[in-house]
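To start, the structure itself, in structure tokens.
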Amino acid sequence: MHQKIATEMNLSETAFIRKLHPTDNFTQSSRFGLRWFTPACEVPLCGHATLASAAVLFHKIKNVNSTLTFVTLSGELRAKREEDGIVLDFPLYPAHPQDFHEVEDLIKTAIGDTLIQDICYSPDTRKLLVRLSDTYNRSFLENLKVNTQNLLQVENTGKVKGLILTLKGDPDGQAQAFDFYSRYFAPWLGVAEDPVTGSAHTVLSSYWSQQLGKKNMHACQCSCRGGELEISLRPDGRVDIRGSVAIVLEGTLTA
């Protein structure tokens with residue numbers, strides 16, 4: 001039923017919040033179960049839908065707690081209410097150097113002869129991180145035509161479930177400063193391009209922290225429906241991702 005609803009919604013992910021015990025209350029309880037489904041399958045982690053779930057509980061249901069804990073396929077995730085948004089406590093996943101020749105067909109199918117600076121792979125998330133050449137700017141990444149239609153035929157081993165394209169930012173520039181930019185594609189999960197992806201930033205945060213030598217970063221996912229993320233790496237090996245939320249649509253699901 002969850003999958004049928006998510007397919008009908010046809011969004012990148014649809015989140016389902018559930019009570020952990022029959023006596024729990026959506027207004028008073030601080031722990032809930034949380035699952036995420038794309039139009040095609042269940043996924044182990046989704047930041048955008050977790051942010052939305054917390055926002056509904058905090059702002060619509062008027063949950064009285066300042067911090068909520070979600071029990072998920074990725075362990076316990078926490079969402080903390082703050083004046084200027086919601087902070088998500090997520091795992092941090094390392095990305096390791098990836099041999100170009102092993103993923104050459106995938107990359108060339110996706111972005112052709114676009115110049116590449118670095119390639120890494122996250123085995124925990126099965127995401128391939130492709131850093132574009134530092135000679136490119138944000139506009140290039142925004143306008144880059146990415147071929148996702150043929151990726152399932154090129155990569156069908158199950159090793160890669162998501163493609164991250166990322167670019168070094170310009171934190172000292174005259175325009176709004178960002179440490180890095182990204183776009184994210186997951187046709188293997190039924191999502192051609194996702195607008196803002198918390199799960200991708202669990203990998204991006206690890207990578208760019210090492211590259212830039214920074215623990216606190218300002219990121220921009222620059223898809224058409226993109227967004228900004230404030231990132232802080234924690235001493236316990238996790239990452240805080242801050243985002244703001246606006247409820248734009250409400251409805252009732254009928255049988």
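For the numbers below, each heavy atom of this structure counts, side chains included, while hydrogens, waters and symmetry mates do not.
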Discussion item. Would you say that Arg183 contacts Leu144 through its side chain, given a criterion of any heavy-atom pair below 4.5 Å between the two side chains?
Written reply: yes

Worksheet item: Is there a side-chain contact (heavy atoms from CB on, under 4.5 Å) between Leu73 and Glu42 once you walk through the steps?
Response: CA-CA 10 Å; Leu73 290 177; Glu42 185 172 10; 3.7 Å; yes

Worksheet entry | Pairing residues for His2 by the side chain to side chain contact (heavy atoms under 4.5 Å, CB included) criterion, not counting sequence neighbours | Phe16, Arg35, Phe37

Worksheet item: Can you hop from Leu204 to Val146 via hydrophobic side chains spaced under 4.5 Å?
Response: no

Worksheet entry | ILVMFWY cluster, Tyr93 and Leu129 together (side-chain gap under 4.5 Å) | yes

Fill in: Phe90 and Leu45: CA distance, side-chain angles, deciding distance, side-chain contact (heavy atoms from CB on, under 4.5 Å) verdict
CA-CA 9 Å; Phe90 269 29; Leu45 182 64; 3.8 Å; yes

Worksheet entry | Where at least one partner belongs to residues 121-131, residue pairs that pass salt bridge (Lys or Arg N to Asp or Glu O under 4.0 Å), sequence neighbours excluded | Arg131-Asp134

Discussion item. For the backbone of Gly213 and the side chain of Gln210, can you confirm whether one donor and one acceptor N or O come within less than 3.5 Å of each other?
Written reply: no

Item to complete: Flag yes if Val196 and Leu141 sit in one hydrophobic cluster, no otherwise; membership is Ile, Leu, Val, Met, Phe, Trp, Tyr, and two members link when side-chain heavy atoms are under 4.5 Å apart.
Response: no

Worksheet item: Taking all non-hydrogen atoms of both residues, which atom of Ala15 and which atom of Ser53 are closest, and how far apart?
Response: CB-OG, 3.3 Å

Worksheet entry | Heavy-atom closest contact (Ser223 atom, Pro195 atom, distance) | OG-O, 2.8 Å

Worksheet item: Within a radius of less than 6.0 Å around NZ of Lys161, do more than 12 heavy atoms belonging to other residues, nucleotides or ligands occur?
Response: yes

Discussion item. So, taking the atom named CG in Leu253 and the one named CD1 in Ile5, what distance separates them when rounded to the nearest 0.5 Å?
Written reply: 5.0 Å

Fill in: Pairing residues for Thr72 by the side chain to side chain contact (heavy atoms under 4.5 Å, CB included) criterion, not counting sequence neighbours
Leu34, Trp36, Phe70, Ser74, Leu77

Discussion item. Before you tell me yes or no, could you show the steps for Ile116 and Phe100 under side-chain contact (heavy atoms from CB on, under 4.5 Å), namely the whole-Å CA-CA distance, both residues' side-chain angles and the distance that decides it to 0.1 Å?
Written reply: CA-CA 10 Å; Ile116 294 170; Phe100 172 73; 4.3 Å; yes

Discussion item. Would you compute the distance between atom CG of Leu106 and atom CD of Gln98 and round it to the nearest 0.5 angstrom?
Written reply: 10.0 Å

Item to complete: Please confirm whether the backbone N or O of Thr38 pairs with a side-chain atom of Gln3, one donor and one acceptor, at under 3.5 Å?
Response: yes

Worksheet item: Can you check salt bridge (charged side-chain N to carboxylate O under 4.0 Å, His left out) on Arg242 and Asp84, steps first, answer last?
Response: CA-CA 9 Å; Arg242 180 193 303 272; Asp84 55 348; 3.1 Å; yes

Worksheet item: Taking the side chain as C-beta and beyond, is there a heavy-atom pair between Ser133 and Gln117 under 4.5 Å?
Response: yes

Worksheet item: From Lys168 NZ over to Asp118 CG, what is the distance, rounded to the nearest 0.5 angstrom?
Response: 12.5 Å

Discussion item. Within the supplied structure, the quantity of interest is the number of heavy atoms (other residues, nucleotides, ligands) at a distance under 6.0 Å from Glu82 CD; does it exceed 12?
Written reply: yes

Worksheet item: What pairs with Asp236 under side chain to side chain contact (heavy atoms under 4.5 Å, CB included), at least two apart in sequence or on another chain?
Response: Arg234, Arg238

Fill in: Leu165 vs Thr114 side-chain heavy atoms within contact, under 4.5 Å
no

Fill in: Residues in ring-ring contact (aromatic ring centres under 6.0 Å, His included) contact with His201, at least two apart in sequence or another chain
Phe180

Worksheet item: Is Ile119 linked to Phe140 within one hydrophobic cluster, defined over Ile, Leu, Val, Met, Phe, Trp and Tyr using a side-chain heavy-atom separation of less than 4.5 Å?
Response: yes

Discussion item. Are there over 12 heavy-atom neighbours, none belonging to Asp99, within less than 6.0 Å of that residue's CG?
Written reply: yes

Worksheet item: Would Glu230 and Ser232 satisfy side chain to side chain donor-acceptor pair (under 3.5 Å), going step by step from the backbone distance to the final call?
Response: CA-CA 7 Å; Glu230 294 290 344; Ser232 298; over 6 Å; no

Practice prompt. Name all residues meeting the side chain to side chain contact (heavy atoms under 4.5 Å, CB included) criterion together with Thr197; count only those two or more places apart in sequence or in a different chain, and write none if there are none.
Written response: Tyr184, Asp194, Ser199, Ala200, Gln221

Worksheet item: Which pair of non-hydrogen atoms, one from Thr14 and one from Met9, has the smallest distance, and what is that distance?
Response: OG1-CB, 3.5 Å

Fill in: Met217 to Leu233 - nearest heavy-atom pair and separation
CE-CD1, 3.9 Å

Discussion item. Could you measure the distance from the CH2 atom of Trp188 to the CG atom of Leu163? Nearest 0.5 Å is fine.
Written reply: 5.5 Å

Item to complete: Apply the test side-chain contact (heavy atoms from CB on, under 4.5 Å) to residues His48 and Ser12: give CA-CA distance (whole Å), side-chain angles for both, the deciding distance (0.1 Å), then the verdict.
Response: CA-CA 9 Å; His48 211 159; Ser12 296; over 6 Å; no

Discussion item. Taking side-chain hydrogen bond (donor to acceptor under 3.5 Å, both in side chains) as the definition, give me every residue that meets it alongside Ser66, ordered by chain and number, with sequence neighbours left out.
Written reply: none

Fill in: Beyond-backbone contact of Arg31 with Glu76, side-chain heavy atoms, under 4.5 angstrom
yes

Practice prompt. Return yes when atom NZ of Lys215 has more than 12 non-hydrogen atoms of other residues, nucleotides or ligands closer than 6.0 Å, and no otherwise.
Written response: no

Item to complete: Please check if Leu152 and Leu189 belong to a single hydrophobic cluster, counting links between Ile, Leu, Val, Met, Phe, Trp and Tyr side chain heavy atoms closer than 4.5 Å.
Response: no

Discussion item. Quick test of your reading: applying salt bridge (Lys or Arg N to Asp or Glu O under 4.0 Å), list the pairs with at least one residue in residues 10-27, sequence neighbours left out, ordered by first then second residue.
Written reply: none

Worksheet, complete the sentence: So OG of Ser29 and CG of Leu68: to nearest 0.5 Å the spacing works out to 10.0 Å

Practice prompt. Specify the closest pair of heavy atoms between Ser244 and Leu51, including all atoms of both residues, with the distance to one decimal.
Written response: O-CD2, 4.0 Å

Practice prompt. State, to 0.1 Å, how close Asp240 and Asp89 come at their nearest heavy-atom pair, and which atoms those are.
Written response: OD1-CA, 3.7 Å

Item to complete: Would you list the pairs meeting side chain to side chain donor-acceptor pair (under 3.5 Å) in which at least one residue belongs to residues 245-255, sequence neighbours left out?
Response: Lys60-Glu250

Worksheet entry | Contacts of type side-chain hydrogen bond (donor to acceptor under 3.5 Å, both in side chains), residue Thr166, not counting sequence neighbours | Trp208

Worksheet item: Are the ring centres of Phe178 and His218 closer than 6.0 Å?
Response: yes

Fill in: Co-members of Leu20 in a cluster of I, L, V, M, F, W and Y side chains, linked at under 4.5 Å
Val71

Worksheet item: Between the main-chain N or O of Leu92 and the side-chain N or O of Thr202, is there a donor-acceptor pair closer than 3.5 Å?
Response: no

Discussion item. Can you tell me how far apart OH (Tyr121) and CG (Leu128) are? Round to the nearest 0.5 Å.
Written reply: 8.5 Å

Discussion item. Which residues pass the ring-ring contact (aromatic ring centres under 6.0 Å, His included) test with Phe32, not counting sequence neighbours?
Written reply: Phe26

Practice prompt. Would you check if the side chain of Glu155 reaches a backbone N or O of Thr157 as a donor-acceptor pair within less than 3.5 Å?
Written response: yes

